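All remarks here apply to the structure that follows.
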Amino acid sequence: TRHLLANRQHHYVRTGQKRENAMIPFSHFLDTMVSLPQDPVYYFSLYQYCQLLPEQALVVEIGTWMGHSTIAMGCALQGTGGHIITIDPIFHLLTKEEHDPEPRIWKSSFGEVSEQISRFNLDGYISIVPDFSENVFTRWDGRPIDLLHVDGNHSREAVRRDCEWMQWIKNGGYATFDDWAVYSDIIPLAVKDYLSNHPEFVTLHAEGENPCSHPTWSTTIIQRQNL
């Protein structure tokens, strides 16, 4: 796995100066996680982009699920004063039995995320917001975002709504959209609709152009580059 990462990392991290002082090495993330639902390179790319961020960076993640990507990014931010706000309605639905047909699965997800955050000593670096991203957006206080990671509801309308978060991205900051190729008839169209009216955003990597693409995951990376 580590040889694979060494050979493939250059396809994802192209700009900026990477910090070398991450408190938690990526190798520890791999060794500690029992299993990963996606290719390790996916988590490695998020880890490395977080290493490009400035001190005290703010990361907003839409879609927590089991928290694997959350933890990978948190490992890169530890010791930098950075913080991750991860948003997911799954945790909100725990309090609504009528919308919770499989409560044991969702409760297990919440328990595992909380446990993993503590296992990596990231309690002070990650905040879970148990709500829908559109609700959090209406309450957002205007804080600028260094990295926006979108892996939430994959309907076209939901992705369009989540694109509105990009207005808060700092110049030089990033947006990443997961499952780009998996939902190729939804996510790319919604994001490109947004980008067509926002020329300040430049696509650094679009899944499908990378010869090392893995069939079970896909991520597109966009950067704000104001003139």
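Please read all numbers here as calculations on a predicted model, not as lab measurements.
Counting only distance, with no hydrogens or angles, the side chain of Q223 and the backbone of V202 share no donor-acceptor pair below 3.5 Å. In this structure, the side chain of Q78 engages the main chain of N121 through a donor-acceptor pair within 3.5 Å. Judged by distance alone, the side chain of E164 and the main-chain N or O of R161 form no donor-acceptor pair under 3.5 Å. The backbone N or O of E200 sits nowhere less than 3.5 Å from a side-chain atom of N226 that would complete a donor-acceptor pair.
When hydrophobic clusters are built by joining Ile, Leu, Val, Met, Phe, Trp and Tyr residues whose side-chain heavy atoms come closer than 4.5 Å, directly or via intermediates, W140 is grouped together with I169.
Taking the six-membered ring where the residue is Trp, Y194 and F201 present tilted rings, their angle falling between 30° and 60°. Aromatic ring pairs are classed by plane angle as parallel below 30°, tilted from 30° to 60° and perpendicular above 60°; the pair H154 and Y183 is tilted. Classification of the W168-F137 ring pair by plane angle, with boundaries at 30° and 60°, yields tilted.
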Start with the C-alpha gap between Q116 and M33, add the side-chain angles, then the distance that decides, and say whether side-chain contact (heavy atoms from CB on, under 4.5 Å) holds. CA-CA 9 Å; Q116 287 181 161; M33 289 295 186; 3.4 Å; yes
For side-chain contact (heavy atoms from CB on, under 4.5 Å), just list the numbers for T220 and V191, CA-CA rounded to whole Å, side-chain angles, deciding distance to a tenth of an Å, and then say yes or no. CA-CA 10 Å; T220 285; V191 175; over 6 Å; no
Tell me, with the steps shown, if V150 and W165 meet side-chain contact (heavy atoms from CB on, under 4.5 Å). CA-CA 10 Å; V150 182; W165 280 90; over 6 Å; no
Steps toward side-chain contact (heavy atoms from CB on, under 4.5 Å) verdict (L204, Y49): CA-CA 12 Å; L204 301 182; Y49 268 95; 3.9 Å; yes
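The two residues C50 and V59 have their closest heavy-atom pair at SG-CG2, 4.3 Å. Summarising the geometry of S133 relative to I62, their closest heavy-atom pair is CB-CG2, 3.7 Å, with the distance given to 0.1 Å. Annotation for L30 and P40: closest pair CD2-CB, 4.0 Å, computed over non-hydrogen atoms. Contact detail for D88 and W65: the closest heavy-atom pair is OD2-N, 3.0 Å. Closest non-hydrogen pair, I128 versus P130, comes out as O-CD, 3.5 Å. Taking both residues in full, the closest heavy atoms of F120 and C75 are given as CD2-SG, 3.7 Å, listed atom of the first, atom of the second, then distance.
We find the CD1-CG distance between I71 and L36 to be 11.5 Å, quoted to the nearest 0.5 Å. Taken from CD in E134 to CD1 in I87, the straight-line distance is 10.0 Å, to the nearest 0.5 Å. With rounding to the nearest 0.5 Å, the separation of CG in L147 from OG1 in T176 is 5.0 Å. A distance of 7.0 Å separates NE2 in H68 from CZ in F29, rounded to the nearest 0.5 Å. The structure places CG of L58 at 6.0 Å from CZ of R143, a figure rounded to the nearest 0.5 Å. Going from atom CD1 of I221 over to atom CG of D178 covers 10.5 Å, rounded to the nearest 0.5 Å.
T86 and T64 form a side-chain donor-acceptor contact under 3.5 Å, judged by distance and modelled atom types alone.
Every residue meeting the side-chain contact (heavy atoms from CB on, under 4.5 Å) condition with N153, not counting sequence neighbours, appears here in chain and number order: S155, A158. For S127, the side-chain contact (heavy atoms from CB on, under 4.5 Å) test picks out H83, with sequence neighbours left out. Residues passing the side-chain contact (heavy atoms from CB on, under 4.5 Å) test with R160, sequence neighbours excluded: R156, E157, A190, D193.
The shortest distance between side-chain heavy atoms of H149 and S69 falls below 4.5 Å. Side-chain contact between T219 and S45: absent, with no pair of heavy atoms (C-beta onward) separated by less than 4.5 Å. The closest side-chain heavy-atom distance from F26 to Q48 is not below 4.5 Å. Taking the side chain as every heavy atom from C-beta outward, M166 and H198 never approach each other to under 4.5 Å.
Counting non-hydrogen atoms of other residues, nucleotides and ligands closer than 6.0 Å to CD of Q56 gives a total of 12 or fewer.
For the side chain to side chain contact (heavy atoms under 4.5 Å, CB included) criterion with I117, the lone passing option out of T70, D123, I84 is D123.
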